[in-house]
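Right, one structure below, let's go through it.
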Amino acid sequence: MILGLLFAIIAGALVALQNIFNSKVNERAGSWATTTLVLGLGFLASLTFGLLFEGGQLFHLENMKLWYWFSGLIGVGVVVCLVQGIKRLGPTYAISIALTSQLLFALLGDTLGWLGLAKVPFTFNQLLGVLVIVGGIIVFKFGGSGEKQKVFTLPFVKGNKVSEVQK
């Protein structure tokens, strides 16, 4: 269980990091070029590591349902939508909403047994957990004084001092 938690935490950090990188690439290359670059490099990395660790077994795809092959198309939607969301909302807000949406759809998938998943009974605790996360996003977006402040700035950025408070 600890290893599963560790992998989930690392995955969350990598998703956030990747989306920030994607938004920076999108500033220079555009949405479709970003998607092509991200998924193309991902393909090359996956193929390389797959061949390294699995060798010829990588391509033994027995008894796989036809519609599983289309999951890569979903990846195109993920990259395009997150890049555009970050562009319009900023990384923290866009990723918070994306992760909440991911949680809601996973909960629905578990509860309804979508795509061959085993049905998991819906509980009040699950509903409460989702509501707390949604409430957190609402507080994050609309809470506060309305004034943006930098309480701590990085010392290596031109003109900044560690103790400086900027409005």
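If you read the sequence from its start, that first residue is 1, and numbering goes on from there.
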Enumerate the side-chain hydrogen bond (donor to acceptor under 3.5 Å, both in side chains) contacts for residues 1-16, please, sequence neighbours excluded, ordered by first and then second residue.
none
Hydrophobic clustering (ILVMFWY, side-chain heavy atoms < 4.5 Å, transitive) - are Val38 and Val76 grouped together?
yes
Answer whether the closest heavy-atom distance between the side chains of Leu39 and Val79 falls below 4.5 Å.
yes
Atom CG in Leu104, atom CD1 in Ile133: separation rounded to 0.5 Å?
8.5 Å
CD1 (Ile20) and OG1 (Thr92) are apart, to the nearest 0.5 Å, by 7.0 Å
Near Phe43 CZ, under 6.0 Å, is it more than 12 heavy atoms from other residues, nucleotides or ligands?
no
Non-neighbouring partners of Leu14 that pass side chain to side chain contact (heavy atoms under 4.5 Å, CB included), sequence neighbours left out:
Ile10
Measuring from atom CD1 of Ile2 to atom CG of Leu6, what distance do you get when rounded to the nearest 0.5 angstrom?
9.0 Å
When clusters are formed by joining ILVMFWY residues with side-chain heavy atoms under 4.5 Å apart, either directly or through shared neighbours, do Val78 and Ile95 land in the same one?
no
Would you say Val83 and Val80 are hydrophobically clustered, going by side-chain heavy atoms of ILVMFWY under 4.5 Å?
yes
Would you say that Phe122 contacts Leu108 through its side chain, given a criterion of any heavy-atom pair below 4.5 Å between the two side chains?
no
Taking all atoms of both residues into account, what is the closest heavy-atom pair of Ile86 and Ser23, and its distance?
CG2-CB, 3.5 Å
I'd like to know if the side chain of Gln57 reaches the main chain of Glu54, judged simply by a donor and an acceptor atom lying under 3.5 Å from each other, with no hydrogens or angles considered.
no
Gln18 side chain near Leu82 side chain, heavy-atom distance below 4.5 Å
no
Using modelled atom types and a 3.5 Å cut-off, is there a donor and acceptor pairing between side-chain atoms of Asn26 and backbone atoms of Asn22?
no
Applying salt bridge (charged side-chain N to carboxylate O under 4.0 Å, His left out) to Lys87 and not counting sequence neighbours gives none
Looking at OG1 of Thr48 and CZ of Phe53, how far apart are the two atoms once the value is rounded to the nearest 0.5 Å?
11.0 Å
Same cluster (ILVMFWY, side-chain, under 4.5 Å), Leu115 and Met64:
yes
Measuring only between side-chain heavy atoms, which start at C-beta, is Leu127 closer than 4.5 Å to Leu107?
no
Please collect all side-chain hydrogen bond (donor to acceptor under 3.5 Å, both in side chains) contacts where either partner lies in residues 28-46, sequence neighbours excluded, each pair once.
Ser31-Gln84
Under the side-chain hydrogen bond (donor to acceptor under 3.5 Å, both in side chains) definition, can you give me all pairs with a residue in residues 100-122, not counting sequence neighbours?
none
Per the side-chain hydrogen bond (donor to acceptor under 3.5 Å, both in side chains) rule, what does the pair list look like for residues 63-81, sequence neighbours excluded?
none
